[in-house]
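Note on naming: letters A, B, ... go to the chains in the order of the sequence lines (proteins, then strands), and numbering restarts at 1 for each one.
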Protein chains: 2
Amino acid sequence: MKNTGDRRRTIYDVAKAAGVSISTASNALNDTGRTNAETRGRVRRVAEEIGFRPNALARGLLSKRSHAIGMLTNDTYGRLTLPMAAGVSEVLVDHGVSVFLCATNNDPRLAQLHLEALLDRQVDGIIFTATRLDLTPPVQLSRLPIPVVYVFAEGPADSVTFFPDDEQGARLAVDHLKELGRSRILHITGPRDYLAARIRAQSYLDACGDGAEAMFGDWSEEWGHEAVQTVFARPGAKPDAIFCGSDEIARGVIDALRDLNVEIPTDVAVVGFDNWEVVARQTRPPLTTIDMELKELGHRAGLAILSLSKGEPVPAGITKLPCRLVVRQSCGSPLRSE
Amino acid sequence: MKNTGDRRRTIYDVAKAAGVSISTASNALNDTGRTNAETRGRVRRVAEEIGFRPNALARGLLSKRSHAIGMLTNDTYGRLTLPMAAGVSEVLVDHGVSVFLCATNNDPRLAQLHLEALLDRQVDGIIFTATRLDLTPPVQLSRLPIPVVYVFAEGPADSVTFFPDDEQGARLAVDHLKELGRSRILHITGPRDYLAARIRAQSYLDACGDGAEAMFGDWSEEWGHEAVQTVFARPGAKPDAIFCGSDEIARGVIDALRDLNVEIPTDVAVVGFDNWEVVARQTRPPLTTIDMELKELGHRAGLAILSLSKGEPVPAGITKLPCRLVVRQSCGSPLRSE
DNA sequence: GATTCATGCTAAAAGCTTTTAGCAGAAAAA
DNA sequence: TTTTTCTGCTAAAAGCTTTTAGCATGAATC
């Protein structure tokens with residue numbers, strides 16, 4: 001009596017098989033209206049038996065809620081996006097919400113196309129996420145009839161936005177180094193036009209005070225390498241710790257230090273940022289770094305859009321999620337290695 | 001006269017504004033039935049004016065085609081998945097097809113949940129993609145009422161499957177090295193239980209014949225490092241080229257060679273596999289490697305599922321997409337650097 | 001002048017679900 | 001006994017689109 005035919009079973013089939021009307025079937029399945037317990041049980045048994053599953057399209061058409069959301073991203077090779085998207089999808093699947101992935105490639109035409117498709121599909125909300133290069137959406141998102149949540153990107157003034165807490169993350173790194181007795185801490189980071197780079201640098205400067213120095217460059221290993229060479233070539237006191245704006249930079253830093261026969265962590269301790277495992281685990285020694293909790297970010301964004309789509313209030317403004325210090329061996333700390 | 005109200009405009013609004021029936025409006029918009037050119041023009045103008053866009057749910061409900069597909073993946077941190085997914089999404093958006101991203105985390109329960117959600121949503125097809133660890137889907141996909149395309153994963157005998165052509169890719173690498181006059185080529189690659197590793201290794205052995213040696217380990221930098229140390233510590237002739245099973249391994253290899261004061265590419269040429277830019281561009285010298293054309297793979301998979309969902313025939317079996325040699329500096333070739 | 005044909009339009013049905021309004025019958029209250 | 005209340009069920013509508021069948025009208029054919 002399983003679903004052998006080609007046609008998908010509908011609630012009509014359930015109703016007929018259970019000998020009730022479709023209204024009763026629907027009521028029994030959804031616990032709405034008034035139904036006799038015995039009938040309810042029978043309907044449910046039958047539904048199970050013939051493998052009935054309600055058609056989400058019909059359901060969405062009526063309820064005006066599709067139980068789907070869109071994720072608009074401009075980050076294709078994204079080591080940022082995918083973990084986050086996975087977090088979103090993971091938390092929402094349990095609420096019966098599915099996620100459309102829309103890669104815009106930074107192309108406004110594509111973004112517009114995707115956006116329209118999402119609206120046509122009656123999605124309940126949109127999560128917009130960007131790499132940090134350009135923080136503004138490539139398409140008008142502010143006057144939409146559905147809620148929008150921004151991640152890694154800033155929306156209009158009163159929008160709901162999530163960021164990792166770069167300031168706290170940087171402080172975490174600096175404090176860790178200080179606790180280990182380091183005093184001459186240098187900061188090597190990415191381009192100054194990245195908001196995240198500026199925030200981390202400022203937090204570092206605030207924490208370290210006089211003598212602190214933040215070197216801006218780009219997000220590459222090469223830059224880390226180059227910066228170290230510059231610093232160690234010039235006269236004056238050398239740093240006893242380097243806080244890097246990314247794990248890639250840290251990797252370049254570590255390589256350069258080794259080339260200079262500087263011992264890590266004995267002579268110089270190094271902290272990265274990203275906890276990009278494939279890099280952080282492979283440096284020698286393995287890198288102590290800051291994890292931005294991307295998956296958690298995804299969870300939070302997913303829950304936020306879920307609440308918004310139900311009309312529940314969500315505090316507007318920027319929510320900064322705490323970063324986490326991951327201790328490995330590049331700072332010579334208590335060896336609770338991972 | 002723009003869409004100022006809160007309600008989405010329906011075809012009723014178009015019909016009323018154009019002074020025709022909804023059938024005529026529909027016919028005019030879709031070029032079906034018989035409509036006077038003048039009327040057709042008017043209806044379209046009106047539709048444009050009030051910002052009418054057909055409700056995809058209603059459309060799908062009727063046509064039984066949702067113009068959406070699902071992508072089921074078990075690869076969360078995927079440097080493989082995301083570029084591929086972006087390729088799929090990119091090629092399909094122009095056909096009005098959207099993509100559900102379902103991250104299963106290798107959890108069968110989650111996979112089942114996602115699968116059911118996809119079926120409830122009447123998706124027109126499913127693309128299943130796996131990392132190479134376990135090539136079998138965590139969930140029963142074979143007796144589905146909709147087409148399934150497999151990428152990086154093997155489906156049942158007569159299914160439509162796409163892989164990068166690992167054999168040809170490996171040959172590309174070996175041939176390149178041979179053309180540059182290298183004769184003692186070593187192969188260092190990942191675990192033997194990865195199909196891709198075995199295929200590449202076999203292709204390498206076939207191409208190099210006697211004296212060829214494939215060393216299996218894992219996909220890490222560390223293993224590359226270790227393998228090189230082993231080889232250079234033991235007596236006998238040393239290789240003049242190393243073909244690595246991944247860029248990460250190649251990175252470890254290059255580091256180890258430098259530690260041993262072996263000149264790259266003068267003494268030993270190195271080729272990687274993946275063209276994972278963040279690694280391949282950062283090695284010193286930059287890595288010559290094999291690109292698996294992940295985006296193209298996504299395009300092909302997307303087009304295949306599109307055809308299948310329309311009922312058009314698609315050749316069953318495994319399609320292997322050619323890899324591409326990316327020449328950088330680690331082989332000392334003609335310096336058409338990238 | 002009577003029949004056929006082509007044209008331009010429309011009413012209604014179908015697709016599947018949930019919800020609203022309401023109908024019988026039985027039990028409780030007057 | 002008559003009226004009210006409760007219970008369990010159902011018909012029908014609504015949600016939005018596309019498609020089918022068919023109705024007038026005017027032109028062409030016999």
B/Leu57 atom CG is separated from D/dG15 atom C1', nearest whole Å, by 10 Å
What pairs of nitrogen or oxygen atoms, one from the protein and one from nucleotides 17-21 of chain D, lie under 3.5 Å apart?
residue: D/dT17; atom: OP1; partner: B/Asn55; partner atom: N; Å: 3.3
residue: D/dT17; atom: OP2; partner: B/Ile11; partner atom: N; Å: 2.4
residue: D/dT18; atom: OP1; partner: B/Asn30; partner atom: ND2; Å: 3.4
residue: D/dT18; atom: OP1; partner: B/Arg59; partner atom: NE; Å: 3.0
residue: D/dT18; atom: OP1; partner: B/Arg59; partner atom: NH2; Å: 3.0
residue: D/dT18; atom: OP2; partner: B/Ser26; partner atom: OG; Å: 3.1
residue: D/dT18; atom: OP2; partner: B/Asn30; partner atom: ND2; Å: 3.4

Taken to the nearest whole Å, CG/B/Asp120 to C1'/C/dC16 is 13 Å
On DNA chain C, more 5' by nearest nucleotide between B/Gly19 and B/Lys64 is B/Gly19
Say whether B/Thr319 and B/Arg300, considering side chains only, have a donor N or O and an acceptor N or O under 3.5 Å apart. no
A/Asn36 atom CG is separated from D/dC6 atom C1', nearest whole Å, by 14 Å
Exercise for review: Could you tell me whether B/Arg8 and A/Asp120 make a salt bridge, using a distance below 4.0 angstrom between a side-chain N and a carboxylate O?
Suggested key: yes
Assign each of B/Leu61 and B/Thr35 the nucleotide of DNA chain C bearing its closest heavy atom; nearer the 5' end lies the nucleotide of B/Thr35
Touch class at under 4.0 angstrom, heavy-atom based, for B/Thr39 against every strand present: sugar-phosphate
Salt-bridge contact B/Arg40-B/Asp31 (side-chain N to carboxylate O under 4.0 Å)
yes
Taken to the nearest whole Å, CZ/B/Arg34 to P/D/dC23 is 13 Å
**Prompt:** What orientation do A/Phe100 and B/Phe100 show, parallel under 30°, tilted 30 to 60°, or perpendicular over 60°?
**Reply:** parallel
Between NZ of B/Lys16 and P of C/dT10 the distance, given in whole Å, is 15 Å
Review point. Going by atom types alone, do A/Arg65 and A/Ser309 pair a side-chain donor with an acceptor below 3.5 Å?
Key: yes
In whole angstroms, the gap separating C1' of D/dG15 from CG of B/Asp13 amounts to 13 Å
inquiry  = Quick check against the 3.5 Å criterion: does B/Asn55 have a side-chain atom that pairs as donor or acceptor with the backbone of B/Leu57?
reply    = yes
